[in-house]
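Heads up: the structure comes next, in structure tokens.
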Amino acid sequence: MNQICRQYQESLGESTLSDELLRHIETCEQCQEFVRRQEAIHRILPAWKTPDFSPDFTLEVMSRIAEENKKGKTLIATLSDLFHARLSIPLPVGALASFVLFLSISLNFALWSNQPDTVLYSGQTRTGNQNLTSVSPTTSPPSEVIQVDGDGTSQMFQGRFYVPQNLYGTGAFLLVPIIGPNLAPETDTNGNQYRTNSKDDI
Amino acid sequence: MIEEWVEQCRNGQVRSYAQIVRTLQHRMLNFLYRMTQNREMAEDIGQEVFLKAFRRLDQYDRAKASFSTWLFTLARNLCLDELRKRRMNLVSLDDALTEEASVDPGPFQTAVDRELETKIKQAIQSLTPEFREVFVLKEYGLFSIEEIAAITGSPTGTVKSRLHRARVMLQEKLAPMLAS
């Protein structure tokens, strides 16, 4: 089917057609056949009759409205009205996403500490026999620390990434599934995090 | 007139809503019936539509669409949700055969009409919901293309394309009936 035929057939039934389309139907047999068939369909469509619906339909609707007004809206109905936007994602996917988000935020708050003592900047190293104590019993204290990411969003110590404590609660919880057991930041024997505010090597 | 009743409802005159229901119920139920091909389901969904519309009357904006367009948007969404839940893609022949014709000219005519009705129902039911709703709204609901676009939330070009496609498919399926 060419463009003009499609354009004409899609416009069938509209009150006004362009001169071009009106000229087209005079000569196009394909479109003339389409119109004939469509008119035939229009003639038989009324054969599909609708049943008699309940004569009390209006009464039933108004009764339910009266009942609701007496009881007050249910919580579900209220929430449904508040969030009446139709989501394009299926409900199970949304529920799973909500659960993952809830879990991440919970872990985030569980590990929250708002007293970072030091911050390492890119290129800084700390060497020497610092007696570093690991908060997590599963990790051993490293003897050398190198920060590879200067913006503080992540720190790598001996090949393992750690989430800086001062970033807990700022979205770093999203790294939880990636970082895994390396969540607990390392501390030195004085209880300080092995970060420094100085940009020099320490 | 409907817009006046809507305003009265908003001002607390709940009884005006009964006028709205009475005025729009047949058109609404006909649409729902043709989408679901089940009278009970059409009535159930119809009740939910009117209830939902009543709860959300304060959200209706006369400047954006007519009340019937807004109502049919709710109906269409609820209907599609219900169809998805029940995964209704097959026509129920039992429904077709047990429904009584509203006019009964005679035994022979009734049998012919029933066969034709069954074929039409099967043909329309075989359309995907997106094509079916556009066809039903246009050919049975007598909505304009622009109103259908507002109800379905689709551009007018998409509505025209779907309607054309539905017509072509129905012409193919009903070709034997058209020939006879």
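What you see is a predicted model, and the numbers here were worked out from it, not measured in a lab. Here is the naming used below: chain letters follow the sequence lines, and residue numbers restart at 1 for every chain.
- Of residues 21-28 of chain A, no residue lies under 4.5 Å from chain B by any heavy-atom pair.
- B:Tyr33 and A:Trp48 have tilted rings, their planes meeting at an angle from 30° to 60° on a 0 to 90° scale.
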Side-chain atoms of residues 142-150 of chain B: list all donor-acceptor pairs with protein atoms under 3.5 Å, sequence neighbours left out, distances to 0.1 Å.
residue, atom, partner, partner atom, Å
B:Ser144, OG, B:Glu147, N, 3.1
B:Ser144, OG, B:Glu147, OE1, 3.4
B:Glu147, OE1, B:Ser144, N, 2.9

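- With a threshold of 4.5 angstrom between heavy atoms, B:Leu29 approaches chain A through its backbone and through its side chain.
- Looking at B:Phe135, the atoms closer than 4.5 Å to chain A (heavy atoms on both sides) all sit in the side chain, from C-beta outward.
- Atom CZ of A:Arg36 has more than 12 heavy atoms from other residues, nucleotides or ligands within 6.0 Å.
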Test log, rule salt bridge (charged side-chain N to carboxylate O under 4.0 Å, His left out), inputs B:Arg165 and A:Glu10: CA-CA 9 Å; B:Arg165 190 82 194 103; A:Glu10 285 186 1; over 6 Å; no
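- Within the 4.5 angstrom heavy-atom criterion, no atom of A:Leu59 approaches chain B.
- With sequence neighbours excluded, no residue forms a side-chain hydrogen bond (donor to acceptor under 3.5 Å, both in side chains) with B:Arg62.
- Annotation: ring-ring contact (aromatic ring centres under 6.0 Å, His included) contacts of A:Phe53 (sequence neighbours excluded): none.
- A salt bridge is defined here as a Lys NZ or Arg NE, NH1 or NH2 lying under 4.0 Å from an Asp or Glu carboxylate O, and A:Arg37 with B:Glu172 fails to meet this definition.
- The heavy-atom pair separating B:Leu51 from A:Val61 by the smallest distance is CD2-O, 4.2 Å.
- Ring pair A:Tyr8/B:His164: centre-to-centre distance not below 6.0 Å.
- For the pair A:Thr58 and B:Gln25, the tightest heavy-atom approach, listed with the atom from each and the gap, is OG1-OE1, 3.5 Å.
- Using a 4.5 Å cut-off between heavy atoms, B:Tyr17 touches chain A through backbone and side chain atoms alike.
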